[in-house]
S.K.: 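Mind having a look at this structure? Questions to follow.
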Amino acid sequence: MCILFLLFVLLGTANRSFSQLEITTGYAVNKELADGPPLHIGYDFKLANRLYTKSQFGYKYLYYFDDFVGAKFRTVSFELHQTFSYEVVKKHKYILKPNIGVHYKWYEWEGLMVPPLNTVPGRTSVMSIGRDKTMVLTSTSDGYYDTYHVSRPGFTVQLQNQFLIKNRLWMHVTPFLEPTYDRSQNTGGCYVGVIFK
């Protein structure tokens, strides 16, 4: 993980003039149905004719409300991605560039049972966050709130479609999958953003 971070810093500072800045938002949903907006910034570096590598730092705020029992769950993640890509299709106004690589994510989960508390019938909501953690919320005053911190490595798969807007400004629409190695924090969705070339 330390090597991935150092690679991100090195590529971001040493080759800045040769890189393409990418700013991204979009929509993400994880395995536990929490959804929301991501925010990513990255630099894409050319390695060879059509071969690139991208260093990316990301943030996701995902939220889920279990309306059957009245429980709120949210997760915030900070992420480092390192991917390699190849321009499969390269036209004047369109580029298809699949990315594949690795990521490391730091998650904070928070669960809250909404009032009323300590009433009949009792309510319980259970969310499995990983192999080693199940978040259980109850409608009692001693079980209505829980937090959990976890970090996981995983894989990143992105199918980036780039469209020319004007001179050196491109828009991208990128469906993505980001499974973790233990499949406990799998996330997918679509990134939308701009690329400055």
Side-chain angles (χ1 to χ4, degrees), residues 1-9 11-12 22-43 54-83 99-118 122-158 174-193:
M1 194 232 13
C2 184
I3 293 172
L4 183 65
F5 178 73
L6 290 175
L7 180 63
F8 180 79
V9 171
L11 290 174
E22 183 178 304
I23 300 171
T24 302
T25 186
Y27 175 77
V29 61
N30 73 5
K31 181 181 173 185
E32 301 301 332
L33 302 180
D35 64 342
L39 180 61
H40 281 237
I41 186 166
Y43 285 100
K54 179 166 55 174
S55 300
Q56 203 172 20
F57 176 74
Y59 167 84
K60 289 185 179 76
Y61 179 89
L62 307 180
Y63 176 82
Y64 173 66
F65 180 64
D66 184 353
D67 59 349
F68 185 71
V69 296
K72 298 177 182 178
F73 295 94
R74 75 164 182 90
T75 180
V76 173
S77 66
F78 293 94
E79 314 168 357
L80 286 175
H81 298 256
Q82 187 65 48
T83 62
N99 289 265
I100 188 163
V102 294
H103 69 256
Y104 198 89
K105 298 185 180 186
W106 293 266
Y107 295 90
E108 177 190 51
W109 278 92
E110 183 178 62
L112 176 67
M113 185 69 75
V114 299
L117 302 176
N118 300 318
R123 298 170 288 140
T124 302
S125 184
V126 179
M127 180 177 280
S128 176
I129 296 178
R131 293 179 304 173
D132 54 349
K133 176 64 176 176
T134 301
M135 189 176 287
V136 179
L137 299 177
T138 62
S139 59
T140 60
S141 56
D142 60 346
Y144 77 99
Y145 179 78
D146 197 5
T147 62
Y148 182 61
H149 299 270
V150 64
S151 60
R152 295 276 191 265
F155 306 98
T156 299
V157 178
Q158 302 173 355
T174 308
F176 70 89
L177 288 174
E178 295 170 358
T180 53
Y181 82 97
D182 63 354
R183 299 184 303 278
S184 66
Q185 303 289 332
N186 294 353
T187 306
C190 187
Y191 293 133
V192 178

S.K.: Would you check if Val136 and Asp146 make a side-chain contact, meaning some heavy-atom pair closer than 4.5 Å?
M.R.: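 A side-chain contact is absent here, since even the closest heavy-atom pair is not under 4.5 Å.
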S.K.: Should Lys72 and Val114 be marked as a side-chain contact (heavy atoms from CB on, under 4.5 Å) after you check the CA-CA gap, both sets of side-chain angles, and the distance that decides it?
M.R.: CA-CA 7 Å; Lys72 298 177 182 178; Val114 299; 3.5 Å; yes
S.K.: Do side-chain atoms of His103 reach the backbone of Phe155 as a donor and acceptor pair under 3.5 angstrom?
M.R.: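 Such a contact is found between His103 side chain and Phe155 backbone.
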S.K.: Under 3.5 Å, side chain of Thr187 to main-chain N/O of Gln185, donor-acceptor pair present?
M.R.: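 At least one qualifying donor-acceptor pair exists.
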S.K.: Are the side chain of Arg123 and the backbone N or O of Val69 linked by a donor-acceptor pair below 3.5 Å?
M.R.: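 It does hold such a pair.
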S.K.: Thr180 versus Asn186: any side-chain heavy-atom pair under 4.5 Å?
M.R.: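 Thr180 vs Asn186: side chains touch.
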S.K.: Do Tyr144 and Thr138 make a side-chain contact, defined as non-hydrogen atoms from C-beta onward lying under 4.5 Å apart?
M.R.: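 Tyr144 vs Thr138: side chains apart.
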S.K.: Tell me whether Lys31 contacts the main-chain N or O of Arg183 through its side chain, where contact means a donor paired with an acceptor under 3.5 Å.
M.R.: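 Side chain of Lys31 to backbone of Arg183, a donor-acceptor pair under 3.5 Å: yes, one is there.
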S.K.: Rounded to the nearest 0.5 Å, what's the gap from CG on Leu80 to CZ on Phe57? Could you check?
M.R.: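 Output value for this atom pair is 6.5 Å.
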S.K.: Search all heavy atoms of Met113 against all heavy atoms of Gly70 and return the closest pair with its distance.
M.R.: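 Where Met113 meets Gly70 most closely, the heavy atoms are SD-O, 3.3 Å.
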S.K.: Are any non-hydrogen side-chain atoms of Val76 and Tyr59 less than 4.5 angstrom apart?
M.R.: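 Val76 vs Tyr59: side chains touch.
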S.K.: Under 4.5 Å between any side-chain heavy atoms of Tyr145 and Leu137, yes or no?
M.R.: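 Tyr145 does not reach Leu137 side chain to side chain.
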S.K.: As a quick check of understanding, evaluate side-chain contact (heavy atoms from CB on, under 4.5 Å) for Glu110 and Met135, giving each step before the final call.
M.R.: CA-CA 9 Å; Glu110 183 178 62; Met135 189 176 287; over 6 Å; no
S.K.: Taking it one step at a time, do Trp106 and Ser151 satisfy side-chain contact (heavy atoms from CB on, under 4.5 Å)?
M.R.: CA-CA 4 Å; Trp106 293 266; Ser151 60; 3.7 Å; yes
S.K.: Can you tell me how far OH of Tyr148 sits from OG1 of Thr134, rounded to the nearest 0.5 angstrom?
M.R.: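 The OH atom of Tyr148 is 9.5 Å from OG1 of Thr134, to the nearest 0.5 Å.
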S.K.: Spell out, as yes or no, whether a donor-acceptor pair under 3.5 Å connects the side chain of Gln158 to the backbone of Leu177.
M.R.: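 Looks like no, no N/O pair under 3.5 Å.
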S.K.: Looking only at heavy atoms, which two atoms of Leu62 and Gly36 are closest? And how far apart?
M.R.: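 Answer, listing the atom of Leu62 first, then Gly36: CD2-N, 3.3 Å.
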S.K.: I need the single residue from Phe65, Tyr64, Phe73, Tyr63 that forms a side chain to side chain contact (heavy atoms under 4.5 Å, CB included) with Leu33. Which is it?
M.R.: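 Result: among Phe65, Tyr64, Phe73, Tyr63, Tyr64 is the only option passing the side chain to side chain contact (heavy atoms under 4.5 Å, CB included) with Leu33.
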S.K.: Do the side chain of Thr25 and the main chain of Pro38 share a donor and acceptor less than 3.5 angstrom apart?
M.R.: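 Answer holds: yes.
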S.K.: In Å and rounded to the nearest 0.5 Å, what is the NZ to CG distance from Lys60 to Leu39?
M.R.: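 Reported value, rounded in 0.5 Å steps: 10.0 Å.
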S.K.: Would you say that Arg152 contacts Lys105 through its side chain, given a criterion of any heavy-atom pair below 4.5 Å between the two side chains?
M.R.: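 Arg152 does not reach Lys105 side chain to side chain.
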S.K.: Are the side chains of Asn99 and Phe176 in touch, meaning some heavy atoms are under 4.5 Å apart?
M.R.: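 With C-beta onward as the side chain, the pair stays apart.
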S.K.: Show the nearest heavy-atom pair for residues Ser139 and Pro116, with the distance to one decimal.
M.R.: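 Answer, listing the atom of Ser139 first, then Pro116: CB-O, 4.4 Å.
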S.K.: Is any side-chain heavy atom of Tyr107 closer than 4.5 Å to one of Ser77?
M.R.: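 They are in contact (side-chain heavy atoms under 4.5 Å apart), so the answer is yes.
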S.K.: Distance check, rounded to the nearest 0.5 Å: Asp67 atom CG versus Ser125 atom OG?
M.R.: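 Spacing of CG (Asp67) from OG (Ser125) equals 10.5 Å.
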